[in-house]
> 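Below you will find the structure I want to go over with you.
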Amino acid sequence: MEEIFYAWKRPLLADLATPAYAAGRLKGGLTVTLADGAGPRNGTADFLFAGPQDVRQLVAGVVVGRQPAPGNRDAEITRVAHVELRDDGLPWRYSPFPNGPALRPWLVLVVGVTGQEVFWDRGRVRLLAGALGQHDLSRSHRWAHVHDIAGRPLSRILSPRALAADTDYTAVLVPAVVPGEGDQPPRPAWTAATPEVTLPCFDQWTFRTRDDPDDFASIAQRLNPLTSAEEQALKAAGFGRAAVTVRGRPDPVLHLAGALAAVDNPPVEPLPDDIAAEVEILAALSESAGRWVLGLPRYDEPWVAPGTPVPADGWRHQLRVDPRHRGSAGLGAWAAIAWQDRIAAAAAQQ
């Protein structure tokens with residue numbers, strides 16, 4: 001599945017924007033040519049772009065995702081809060097700035113401590129310095145992007161706020177700019193010296209963080225590489241290896257590397273031809289008897305003509321006849337089938 005990220009997206013009409021302002025809005029100019037008996041005449045038709053002051057609320061359904069989820073009581077502090085919008089160009093559509101490499105969005109997501117830094121009331125929100133200081137608007141172009149997932153784009157707005165453990169937070173979606181007067185350019189909704197500001201609020205939710213010493217980032221930071229002596233001891237003990245006994249043979253003749261085996265030390269014994277032939281016969285008998293057999297994906301199918309035969313050798317044949325690979329595939333299929341409900345429930349809880 002192809003995934004593409006873009007820094008910003010805006011209607012092509014924005015290419016006509018100029019660095020001038022009128023009535024607090026960005027001005028645009030369109031060259032118009034009129035032709036009559038006297039010949040063509042050129043002129044410029046000026047117009048104004050809609051700005052943040054023209055937006056009263058977001059339509060229902062435009063917000064398609066909020067993380068951490070609203071009401072979450074154990075959000076991880078190693079992640080950042082963000083909101084996802086179905087309209088992939090919305091964060092930049094009403095930006096009162098001409099296009100440029102670091103186009104700033106007109107919307108930002110502010111996260112503050114509930115009851116201390118953020119106070120929401122009937123469509124407006126009062127933000128205090130504790131929250132404002134965590135959101136430097138000169139860097140707001142880094143907080144939004146477009147994420148195109150297999151042709152289904154959405155926009156995402158992040159909050160740069162570093163979260164503390166065991167804290168109640170409120171996330172609010174607010175305008176990042178205040179329109180200027182007349183022909184004056186817009187100004188940031190706040191600066192580092194702003195003690196507090198009251199702004200329209202287009203979306204808001206609350207969540208609480210937890211102090212979890214076993215989240216992914218914490219576990220990864222506690223991992224240490226093995227010493228040379230430890231590696232040699234594990235190899236000598238066959239750690240991460242399982243012996244495979246073949247029917248009719250008294251001793252194990254193959255070894256299977258488990259998930260914890262070192263990638264630079266895989267099983268080296270080749271598969272004997274007679275074992276491959278026997279497994280091939282057993283697989284054919286199972287299929288002819290009508291037993292369910294896990295099929296193999298045809299990854300090259302989009303690029304080959306219909307009916308193109310599968311190559312006789314290669315990884316598909318190796319997976320079919322090698323009992324080591326069949327065993328690993330079977331265990332994986334069993335886990336997905338027998339444990340799918342538990343896995344799904346654990347993922348939903350997390």
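In what follows, residues are counted from 1 in the order of the sequence shown. If you're wondering where the values come from, they're calculated on a predicted model, not measured in any experiment.
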> Might you point out which heavy atoms bring Ile77 and Thr209 nearest each other, and give the distance in Å?
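Looking at all heavy atoms of both residues, the closest pair is CG2-CB, 3.7 Å.
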> Going by the rule side-chain hydrogen bond (donor to acceptor under 3.5 Å, both in side chains), which residues pair with Thr78 if we only count those two or more places apart in sequence or in a different chain?
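For Thr78, the residues satisfying side-chain hydrogen bond (donor to acceptor under 3.5 Å, both in side chains) (neighbours in sequence not counted) are Asp215.
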> Would you say the side chain of Pro323 lies within less than 4.5 Å of the side chain of Leu254, judging by non-hydrogen atoms?
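Yes - at least one pair of side-chain heavy atoms lies under 4.5 Å apart.
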> Can you name the residues that form a side-chain hydrogen bond (donor to acceptor under 3.5 Å, both in side chains) with Arg79, not counting sequence neighbours?
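With sequence neighbours excluded, Arg79 shows a side-chain hydrogen bond (donor to acceptor under 3.5 Å, both in side chains) to Glu76, given in chain and number order.
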> Is Phe207 close to Val111 at the side-chain level, that is, under 4.5 Å between some pair of heavy atoms?
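Sidechains of Phe207 and Val111: in contact.
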> Looking at Arg139, I want to see if its CZ is surrounded by more than 12 non-hydrogen atoms of other residues, nucleotides or ligands under 6.0 Å.
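No, because the 6.0 Å sphere around CZ of Arg139 holds 12 heavy atoms or fewer from other groups.
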> List the atom pairs, donor and acceptor, that lie under 3.5 Å between side-chain atoms in residues 164-179 and the rest of the protein, sequence neighbours left out.
from, atom 1, to, atom 2, distance (Å)
Thr167, OG1, Ala165, O, 2.9
Asp168, OD1, Arg73, NH1, 3.4
Asp168, OD2, Arg208, NH1, 2.9
Tyr169, OH, Ala164, N, 2.8
Thr170, OG1, Thr114, OG1, 2.7

> How about Val64 and Val62: do any of their side-chain heavy atoms sit closer than 4.5 Å?
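When only atoms from C-beta onward are counted, Val62 and Val64 do not touch, as no gap falls below 4.5 Å.
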> Among Asp88, Asp87, Asp148, which one satisfies salt bridge (charged side-chain N to carboxylate O under 4.0 Å, His left out) with Lys9?
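Running salt bridge (charged side-chain N to carboxylate O under 4.0 Å, His left out) over Asp88, Asp87, Asp148 with Lys9 returns exactly one hit, Asp88.
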> Please work out whether the ring planes of Phe5 and His147 are parallel, tilted or perpendicular, with thresholds of 30° and 60°.
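Geometry flag for His147 against Phe5: parallel rings.
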> Would you call Ile4 and Pro153 a side-chain contact if the rule is heavy atoms closer than 4.5 Å?
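Answer no - side chains too far apart.
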> Looking only at heavy atoms, which two atoms of Leu103 and Pro98 are closest? And how far apart?
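Where Leu103 meets Pro98 most closely, the heavy atoms are CD1-O, 3.6 Å.
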> Please report the closest heavy-atom contact between Pro270 and Arg324, naming both atoms and the distance.
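Smallest heavy-atom distance, with atoms named: C-NH2, 4.4 Å.
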> Report yes or no: do Leu58 and Val125 belong to one cluster of Ile/Leu/Val/Met/Phe/Trp/Tyr joined by side chain heavy-atom distances under 4.5 Å?
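Leu58 does not cluster with Val125.
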> Of the non-hydrogen atoms in Phe49 and Gly28, which two are nearest, and what is the gap between them?
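In this case the closest contact between Phe49 and Gly28 is CE1-CA, 3.7 Å.
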> At what distance, to the nearest 0.5 angstrom, does CZ of Arg152 lie from CD of Glu3?
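That separation rounds to 9.5 Å.
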> Under 6.0 Å from the CD atom of Glu181, do we count more than 12 heavy atoms belonging to anything else shown?
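No, CD of Glu181 has 12 or fewer neighbouring heavy atoms, counting only those of other groups under 6.0 Å.
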> Kindly write out the residues that satisfy side-chain hydrogen bond (donor to acceptor under 3.5 Å, both in side chains) with Glu231, not counting sequence neighbours, or none if the list is empty.
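Expected list: none.
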> May I have the list of side-chain donor-acceptor pairs in residues 335-346 shorter than 3.5 Å, sequence neighbours left out?
none

> Can you list everything that forms a side chain to side chain contact (heavy atoms under 4.5 Å, CB included) with Gln232? Sequence neighbours excluded, please.
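Listed in chain order: nothing, the list is empty.
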> Answer yes or no: is there a donor N or O on one side and an acceptor on the other, between the side chain of Ser159 and the main chain of Val110, under 3.5 Å?
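No, Ser159 side chain to Val110 backbone: no donor-acceptor pair under 3.5 Å.
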> Are Trp8 and Leu154 in one and the same hydrophobic cluster, where Ile, Leu, Val, Met, Phe, Trp and Tyr link if side-chain heavy atoms are under 4.5 Å apart?
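In one cluster with Trp8: Leu154, no.
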> Tell me every residue that passes side chain to side chain contact (heavy atoms under 4.5 Å, CB included) with His82, counting only those two or more places apart in sequence or in another chain.
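Gln67, Glu84, Arg156, Leu158.
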> Applying side chain to side chain donor-acceptor pair (under 3.5 Å), which residue pairs with at least one partner in residues 183-200 are found, sequence neighbours left out?
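For residues 183-200, and leaving out neighbouring residues, the side chain to side chain donor-acceptor pair (under 3.5 Å) pairs sorted by first residue read Thr191-Thr194.
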> What salt bridge (Lys or Arg N to Asp or Glu O under 4.0 Å) pairs are there with at least one residue in residues 94-123, not counting sequence neighbours?
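For residues 94-123, and leaving out neighbouring residues, the salt bridge (Lys or Arg N to Asp or Glu O under 4.0 Å) pairs sorted by first residue read Glu117-Arg161.
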> Please answer whether the main-chain N or O of Leu137 pairs with a side-chain N or O of Trp143 as donor and acceptor at a distance below 3.5 Å.
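No, Trp143 side chain to Leu137 backbone: no donor-acceptor pair under 3.5 Å.
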> Do Leu127 and His135 come close enough that some side-chain heavy atom pair is under 4.5 Å?
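No. Closest side-chain heavy atoms not under 4.5 Å.
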> Apply the hydrophobic cluster definition, ILVMFWY joined by side-chain contacts under 4.5 Å directly or through others, and give me every member besides Leu128.
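Besides Leu128, the hydrophobic cluster comprises Phe119, listed by chain and residue number.
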> Nearest 0.5 Å, what's the CD-CH2 distance between Gln53 and Trp106?
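With rounding to 0.5 Å, CD (Gln53) is 10.0 Å from CH2 (Trp106).
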> List the atom pairs, with distances to 0.1 Å, where a side-chain N or O of residues 10-24 and a protein N or O form a donor-acceptor pair under 3.5 Å, not counting sequence neighbours.
from, atom 1, to, atom 2, distance (Å)
Arg10, NE, Trp92, O, 3.1
Arg10, NH1, Phe97, O, 2.7
Arg10, NH1, Asn99, OD1, 2.8
Arg10, NH2, Ser95, O, 2.4
Arg10, NH2, Phe97, O, 3.2
Asp15, OD1, Asn99, ND2, 2.9
Thr18, OG1, Ala20, N, 3.4
Thr18, OG1, Lys27, O, 3.1
Tyr21, OH, Pro96, O, 2.7

> Using the test side-chain hydrogen bond (donor to acceptor under 3.5 Å, both in side chains), find all partners of Ser228 that sit at least two apart in sequence or belong to another chain.
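Result, side-chain hydrogen bond (donor to acceptor under 3.5 Å, both in side chains) vs Ser228: none returned.
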